[in-house]
Amino acid sequence: MKKLKLIAGTLFLSAFLFTACDGLLDTTPKQSIDATEALTNAENVKSVLIGAYDAIGGGDLYGGWFLMMPDFLAADDEFDFSGTFFGPRQIRLKEQQYDNANATGTWIDAYDAINIANSALDGLDLLEGDERDRVEGEAKFIRGLIYFDLVRLYATQYVAGGPNGQAGVPLVLTPTTTIDESSNVARSTVGEVYAQVISDLTDAKSLLSDVNPVRSYYANSMVASAVLSRVYLQMEDYDNARIEADRVIASGNYSLTDTYADAFNNVENSTEDIFSMQVSAQDGANSMFTFYSADSRGDVDINQAHVDEYEAGDDRLNLFYNDPSDGVLRSGKWNDGVNGNVQQIRLAEMYLTRAEANFREGVPYVGADPIDDLNEVRDRVNLPTYTLPTEFDLNDILLERKLELMFEGQLLHDIKRTQGTVGTRSYDDPKLVLPIPRREIDSNPNLCQNASYTGPTC
């Protein structure tokens, strides 16, 4: 039976079904209490929700690999991985196998976090009023966010207007407390997963206030809208993408930092951060610093091919620097130290989403003309602003988006939704999709495998 672990005052669901292979972590703490005993009062339910935030901040999820794996899959000649770890190297080279450690760890930790969120939702009857709404909204936000990133990485691209009956990921919407035949959940379709993501995030948007009353850096209604704008953009639902992005921009809760560099390397949220993973000496992980920074491993080597994409005078170029140890070019986005926050979504992305969606949909524009949103981003990095709409096209908008959000985990997803390429690989190349982990295929007869990997294919 799964246990609800009480560690330093925070409740965590153990993951017998979804744990990593490290046996040292499998022991039950002396402070642990059974799940059936834990969810007996409101404070315990709220503690479970805190446990869900703790879980998603881990290095395999939003503390690092949920951002790095899509960028590594999208990399061609723009950057290399020079580290000694075999899993990231496989992914960068598009040679990952179905037992890839990073793909496995992310899958396991994602479903562990989903199980914690489901447990918080299971205890809602112990809460009342605004408190109940907040816990439900935050738990659904966490679940919807995770399922969105799982389906983007472990399944093929959503097809706008298509049936989307291709295999997605398993949808588990209730807590798993015992392991039996019912635990062998099959993969839902991509369409079903996206429908669940939209349902969870829409509920979160309506249930949450615009500013979280408990912790300012936890999810709120605007954070839910920001992620919804990503979801709709991935689905090529440009009207809803621009509506949600505009809602965030129009709230006035966020503003671009004075310089591009000011948006990064902060131990506290900047004015631009809509949602960030909070990291401290006691909690959280910043694997971005670990792998990107010259002050740590410095495993991500930026190539000249990427630098050449920027216009002369682009202030974003000033954030690159030469590693003093070997002279290799590095990105300075993640030099904030092991205790620096890991940004998930920034206001600049909302401007670029609204610009692209408005450009595609046409007039009447929502919120602002595309030229105005593009100029917001370009002016901040000291680039000439556009004066006429004829001076740019969709490719210019997409390039602006790429350069602004580079090394933040969005490149692969943009390539897939725009049907681009990674070198000579088409956006639908099977190696641009992660494998369902071997341990899951071996233990669950109802799971099928993605194309090009070992196991019963879908």
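Note that these values count all heavy atoms, side chains included, but never hydrogens, waters or copies made by symmetry.
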Ring centre gap for Tyr238 and Tyr232 strictly below 6.0 Å: no
What about the rings of Phe275 and Phe141, do their centers lie closer together than 6.0 Å? yes
Rounded to the nearest 0.5 Å, what's the gap from OG1 on Thr156 to OH on Tyr427? Could you check?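 Those atoms lie 9.5 Å apart.
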Any [X] side-chain heavy atom under 4.5 Å of [Y] side chain:
X	Y	result
Asp99	Thr104	no
Leu173	Arg143	yes
Glu272	Arg380	yes
Val300	Ile302	yes

Under-4.0 Å salt bridge between [X] and [Y]:
X	Y	result
Lys402	Asp414	no
Glu349	Arg230	yes
Arg187	Glu192	no

Determine, step by step, whether Gln278 and Asn269 satisfy the side chain to side chain donor-acceptor pair (under 3.5 Å) criterion, reporting the C-alpha distance in whole Å, the side-chain angles of both residues, the deciding distance to 0.1 Å, and the verdict. CA-CA 9 Å; Gln278 309 298 301; Asn269 286 2; 3.0 Å; yes
Distance-only side-chain donor-acceptor flag, [X] / [Y], under 3.5 Å:
X	Y	result
Tyr321	Asn335	yes
Arg134	Asn220	no
Ser225	Glu244	yes

When the ring planes of Tyr310 and His306 are compared, do they come out parallel, tilted or perpendicular, using 30° and 60° as the limits?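 Aromatic pair Tyr310/His306 classed perpendicular.
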Could you give me the CA-CA distance, side-chain angles and deciding distance for Ser229 and Arg354, then say whether side chain to side chain donor-acceptor pair (under 3.5 Å) is met? CA-CA 9 Å; Ser229 75; Arg354 189 171 70 176; over 6 Å; no
Which atom names give the shortest non-hydrogen contact between [X] and [Y], and what distance separates them?
X	Y	result
Ala263	Arg346	CB-NH1, 4.4 Å
Gln234	His413	NE2-O, 2.9 Å
Lys94	Leu73	NZ-O, 3.2 Å
Arg242	Ala357	CB-CB, 3.6 Å
Asn102	Pro88	OD1-CD, 3.1 Å
Asn265	Lys333	OD1-O, 3.4 Å

Does Arg438 form a side chain to side chain donor-acceptor pair (under 3.5 Å) with Tyr98? I'd like the steps, not just the answer. CA-CA 5 Å; Arg438 174 179 181 174; Tyr98 76 141; 3.3 Å; yes
More than 12 foreign heavy atoms under 6.0 Å from CG of Asp130: is that the case here? no
For Glu391, I'd like to know if atom CD has over 12 heavy atoms of other residues, nucleotides or ligands within 6.0 Å. yes
Residue among Leu319, Asp315, Asn318, Thr259 satisfying side chain to side chain contact (heavy atoms under 4.5 Å, CB included) with Val381: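 Exactly one pass, corresponding to Asp315.
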Checking Leu412, Leu153, Asp428, Asn450 against Val433 for side chain to side chain contact (heavy atoms under 4.5 Å, CB included), the one that qualifies is Asn450
Show me, pair by pair, the donor-acceptor contacts under 3.5 angstrom made by side chains of residues 59-66, not counting sequence neighbours?
{"from": "Tyr62", "atom 1": "OH", "to": "Leu145", "atom 2": "O", "distance (Å)": "3.1"}
{"from": "Tyr62", "atom 1": "OH", "to": "Asp149", "atom 2": "OD2", "distance (Å)": "2.6"}

Strictly by salt bridge (charged side-chain N to carboxylate O under 4.0 Å, His left out), give each pair with a member in residues 207-220 just once, sequence neighbours left out. Asp210-Arg247
Verify ring pair (Phe, Tyr, Trp, His ring centres under 6.0 Å) between Phe85 and Phe81, making sure each step is shown before the conclusion. CA-CA 9 Å; Phe85 288 111; Phe81 181 82; 7.5 Å; no
If we check ring-ring contact (aromatic ring centres under 6.0 Å, His included) with Phe407, which of these qualifies: Trp334, Phe72, Phe289, Phe79? Phe79
